[in-house]
Amino acid sequence: LAVLFLLSILGRFFAKPLLAQVRAALVADIDTPARAPYQSGVFIRCADHGFTCEAAGNSVPPGKRLTITNVSGAFDLYTQPGQAVDLVLEHGLASGSPPPSNMPLVFFPTFFQGTDSGVDAFVVNAPVSAHFDPPDYPKIVLSLGANNTTKSPFIFALSGYVVDCAAAPCAPITF
Amino acid sequence: LGAIGTFTAKPLLAQIRAVLVQNVDEPGRTPYLSFADLSTCFKLVPCVAPFGPLPSGKRLVATNITGEVFLETPGTILSACLFPATYYCFPTVQQIAVTGGPGPIGINVGISLFMDGPAQPSVFFRSTSIFEFSAFGDQGVALSGYLVDCSSPGSCAATVH
């Protein structure tokens, strides 16, 4: 009995704590953006003096949900008085009908970078948070001032990730 | 023993700790940070500078680009874009209205860019004047983010476009 008592005392002082013996379990998150990224380029060629033009990305694949986290791009406009630019990321509905009024628009600012040979250069880079379910698609809508003329096609990169709503359930998007 | 245990054993509840987990995709465990030296762009316009190549089987998630470049004044960067990504451009900021000598232009932007190895990212600058040496002895652009391991079959889905 004395030996057992002595061992129990020694054990209390010399044994490694249980927590220190536990190694971290390795886990992988099925929704890690890098495992299922989305990166798409869209082009917009506005007609000269066009007021509004748009470019659509591809439809979201069945069973997936697209989350766009960033919009980036660059474009040039011929220098004109009364220049105005309005850039919006919108929901494109596969039905072709206009989006409901409560569906959010995502605006992003443009950065004027400078003028060269009568052309004004603009760049866009904005973090966003926009979600799309199939068969809808993202689209960029560009509105210009009355005197604006584009020099070349506008180019934008949409990036984000997709989650697999078949592997784990996705709640409906709340607008 | 029962009597001793009663006084010396910790209550069961006190022995329970949270289970430790380690996320294989934790950014801090596989960071990426590459510097593109722009001294090779001296007197050039436009300028292209490469970052370090990506290892095969890895996917880069670039989250930030920062740097400083110097142009002959008056001059400005009209567009700065990353390649071979799809038209991924970012703004630059004129630091000061210098009227002579090299003028500094700053960069610090959060980005969200994916690129699979063995691609080699590079940065392209379109400017209105030639690149100059830095007044402070250094200039360049740093691309940072993290890598995920896609070497196991099925571990990474193809990028959706």
Side-chain angles (χ1 to χ4, degrees), chain A residues 1 4-5 8-9 12 17-19 22-29 32-43 57-58 60-61 64 66 68-76 110-117 119-125 127 154-162 164, chain B residues 1 4-5 8-10 15-27 59-63 65 74-82 85-94 105 109-116 126-129 145-150 155-161:
Chain A
L1 187 62
L4 284 173
F5 180 72
S8 72
I9 296 294
R12 282 183 64 81
L18 180 64
L19 198 62
V22 176
R23 291 201 176 276
L26 210 54
V27 295
D29 180 358
T32 296
R35 297 281 174 195
Y38 168 84
Q39 196 155 268
S40 186
V42 296
F43 299 78
N58 295 324
V60 179
K64 310 284 187 185
L66 167 63
I68 295 181
T69 56
N70 195 277
V71 176
S72 173
F75 58 93
D76 294 341
T110 57
F111 297 92
F112 171 64
Q113 298 290 278
T115 302
D116 186 32
S117 305
V119 174
D120 295 342
F122 294 85
V123 170
V124 173
N125 186 73
F154 293 9
I155 49 177
F156 295 95
L158 309 177
S159 59
Y161 60 97
V162 292
D164 188 347
Chain B
L1 276 176
I4 293 167
T8 58
K10 284 186 178 176
Q15 298 178 43
I16 297 172
R17 297 285 190 276
V19 174
L20 288 181
V21 294
Q22 181 183 340
N23 182 3
V24 294
D25 297 325
E26 184 62 31
R59 173 173 288 163
L60 168 66
V61 183
T63 56
I65 185 162
T76 186
I77 300 286
L78 294 170
S79 62
C81 303
L82 288 164
T86 311
Y87 312 114
Y88 207 104
C89 303
F90 52 89
T92 59
V93 182
Q94 195 108 26
I105 292 173
V109 184
I111 58 176
S112 178
L113 170 68
F114 303 97
M115 200 176 292
D116 289 339
R126 182 167 64 103
S127 60
T128 58
S129 64
Y146 60 96
L147 300 170
V148 296
D149 186 1
C150 296
S155 59
C156 292
T159 301
V160 175
H161 296 287

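Each chain gets a letter, A, B and so on, in the order the sequences are listed, and its residues count up from 1.
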Which bit of [X] comes within less than 4.5 Å of chain B, counting heavy atoms only: side chain, backbone, both or neither?
{"X": "A/Thr110", "result": "neither"}
{"X": "A/Val27", "result": "both"}
{"X": "A/Val124", "result": "backbone"}
{"X": "A/Phe111", "result": "side chain"}

Where [X] and [Y] come nearest, the two heavy atoms and their spacing:
{"X": "A/Ser40", "Y": "A/Tyr38", "value": "CB-OH, 3.4 Å"}
{"X": "A/Arg35", "Y": "B/Ser155", "value": "CD-O, 3.1 Å"}
{"X": "B/Ser129", "Y": "B/Gly75", "value": "OG-CA, 3.3 Å"}
{"X": "A/Ala121", "Y": "B/Arg126", "value": "CB-NH2, 4.1 Å"}

*For B/Thr92 and A/Gln113, does a side-chain donor sit closer than 3.5 Å to a side-chain acceptor?*
yes
*Tell me, out of B/Ser79, B/Ser112, B/Ala80, B/Ala158, who's got the most heavy-atom pairs with chain A below 4.5 Å.*
B/Ser112
Heavy-atom proximity to chain A below 4.5 Å, by part of [X]:
{"X": "B/Val61", "answer": "side chain"}
{"X": "B/Asn23", "answer": "both"}
{"X": "B/Ile105", "answer": "neither"}
{"X": "B/Ile77", "answer": "backbone"}

*A/Pro37, A/Ser159, A/Ala25, A/Gly41: which one forms the most heavy-atom pairs within less than 4.5 Å of chain B?*
A/Pro37
*Would B/Asp25 and A/Asp29 satisfy side-chain contact (heavy atoms from CB on, under 4.5 Å), going step by step from the backbone distance to the final call?*
CA-CA 8 Å; B/Asp25 297 325; A/Asp29 180 358; 5.6 Å; no
*Heavy-atom donor-acceptor pair, B/Thr128 side chain to A/Asp116 backbone, under 3.5 Å*: no
